[in-house]
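As structure tokens, the structure follows; a few thoughts come after it.
We number each residue from 1, following the sequence as shown. Bear in mind the structure is a predicted one, so any value in this text is a computation, not a measurement.
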Amino acid sequence: MGRKKFGPQSGPWPDDGWRGWWGEEPPFRTPCFVLTHHPREPMEFDNGTSFQFIDASPAEALAEATAAADGLNVRIGGGPSTVRQFLSAGLIDFLHIVIVPVALGRGVSLWEGLDGVEKDFAIESLTTASGLTHQLWNRRG
């Protein structure tokens, strides 16, 4: 995951006791790798979640996560800047995007600099009664 998915800080880590948006019960129950330019000591939680803070390329981070997964799937979590880096490097096989109808022009674009990436995927879209659209991207070949 990207650093902003873990918390609101940027730059060097403050000594404020922050342990993530989820407090003492993060929902992951698995090792998580947080991409940051400011590594810090790992955090472990009683429910099996651990956070490793690494300064690594997407390929290096994926290699570490794959080793930790011991044969299980690896998931890439947002935000959009992190997912964009993995897409750009060709490291995502399946992508589930939920499109929420909001005014455009806010936030960080997932697609900036990824012109033509869609040609590498078979894309299925499903719209729900609530107005959400789920896109399922499966890498071709």
Side-chain angles (χ1 to χ4, degrees), residues 1-14 16-141:
M1 74 177 62
R3 179 163 174 186
K4 289 182 184 173
K5 182 167 181 165
F6 178 80
Q9 307 88 347
S10 60
W13 293 94
D16 62 0
W18 179 266
R19 292 178 53 85
W21 293 111
W22 314 273
E24 291 302 313
E25 301 230 6
F28 307 106
R29 302 181 190 281
T30 189
C32 299
F33 295 85
V34 180
L35 294 176
T36 175
H37 295 296
H38 301 276
R40 63 185 286 186
E41 291 298 312
M43 290 182 187
E44 295 189 15
F45 294 82
D46 291 340
N47 70 358
T49 300
S50 66
F51 292 104
Q52 310 290 323
F53 302 89
I54 60 174
D55 185 4
S57 70
E60 293 165 337
L62 181 58
E64 283 194 48
T66 299
D70 196 27
L72 298 175
N73 289 333
V74 172
R75 291 183 177 203
I76 310 300
S81 297
T82 299
V83 174
R84 186 182 331 107
Q85 290 176 53
F86 281 85
L87 276 169
S88 180
L91 298 174
I92 293 182
D93 296 325
F94 175 79
L95 184 65
H96 179 186
I97 299 171
V98 180
I99 300 169
V100 180
V102 296
L104 298 177
R106 298 183 309 205
V108 176
S109 172
L110 173 61
W111 307 112
E112 187 175 327
L114 292 176
D115 295 341
V117 70
E118 69 279 357
K119 71 180 176 2
D120 297 331
F121 293 86
I123 304 168
E124 180 180 357
S125 294
L126 307 163
T127 302
T128 65
S130 67
L132 300 178
T133 299
H134 294 261
Q135 287 189 341
L136 308 175
W137 294 49
N138 285 287
R139 184 167 294 281
R140 297 182 192 274

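Shortest non-hydrogen contact noted between Ala61 and Leu35 is CB-CD2, 3.6 Å. Shown here for Arg140 and Ala122, the closest heavy-atom pair between the two residues is CG-N, 3.8 Å. For the pair Val108 and Ser81, the tightest heavy-atom approach, listed with the atom from each and the gap, is CG1-OG, 3.6 Å. Heavy atoms only, all atoms of each residue included: Trp18 and Gly7 are closest at NE1-CA, 3.6 Å. Nearest heavy atoms, Glu112 versus Ser109: N-OG, 3.3 Å.
Sorted by first and then second residue, the pairs that involve residues 21-37 and meet salt bridge (Lys or Arg N to Asp or Glu O under 4.0 Å), not counting sequence neighbours, are Arg19-Glu24. For residues 107-133, the set of pairs meeting the ring pair (Phe, Tyr, Trp, His ring centres under 6.0 Å) definition, not counting sequence neighbours, comprises Trp111-Trp137, Phe121-Trp137. Identified under the ring pair (Phe, Tyr, Trp, His ring centres under 6.0 Å) test for residues 55-101, with sequence neighbours left out: His96-His134. Applying the side chain to side chain donor-acceptor pair (under 3.5 Å) test to pairs two or more places apart or on separate chains, none has a residue in residues 84-93. Legend: ring pair (Phe, Tyr, Trp, His ring centres under 6.0 Å) pairs involving residues 46-71, not counting sequence neighbours, sorted by first then second residue: Phe6-Phe51, Phe6-Phe53, Trp13-Phe53, Trp22-Phe51, Phe45-Phe51.
Among residues two or more places apart in sequence or in another chain, the side-chain hydrogen bond (donor to acceptor under 3.5 Å, both in side chains) test is passed with Asn47 by Thr49. For the side-chain hydrogen bond (donor to acceptor under 3.5 Å, both in side chains) test, no residue two or more places apart in sequence or in another chain qualifies with Ser50. Partners of Asp55 under the side-chain hydrogen bond (donor to acceptor under 3.5 Å, both in side chains) rule, at least two apart in sequence or in another chain, are His37. Contacts of His38 classified as ring pair (Phe, Tyr, Trp, His ring centres under 6.0 Å), with partners at least two apart in sequence or in another chain: none. Looking at residues two or more places apart in sequence or on another chain, you find no side chain to side chain contact (heavy atoms under 4.5 Å, CB included) involving Ser10. With sequence neighbours left out, Glu124 forms a side-chain hydrogen bond (donor to acceptor under 3.5 Å, both in side chains) with no residue at all.
Residues Val34 and Met1 have side chains in contact (heavy-atom distance under 4.5 Å, counting atoms from C-beta outward). Within the 4.5 Å cutoff, the side chain of Gln9 has heavy atoms near those of the Arg3 side chain. The side-chain heavy atoms of Ile123 and Glu118, taken from C-beta on, include a pair separated by under 4.5 Å. Contact check for Ile97 versus Val83: no side-chain heavy atoms found under the 4.5 Å cut-off. At a threshold of 4.5 Å between non-hydrogen side-chain atoms, the residues Ile54 and Glu60 do not count as touching.
At most 12 non-hydrogen atoms from other residues, nucleotides or ligands lie less than 6.0 angstrom from CD of Glu44.
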Kindly list each side-chain donor-acceptor pair under 3.5 angstrom involving residues 67-79, sequence neighbours excluded, with atom names and distances?
none

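Rounding to the nearest 0.5 angstrom, the gap separating the CG atom in Leu87 from the CG atom in Leu110 is 6.0 Å.
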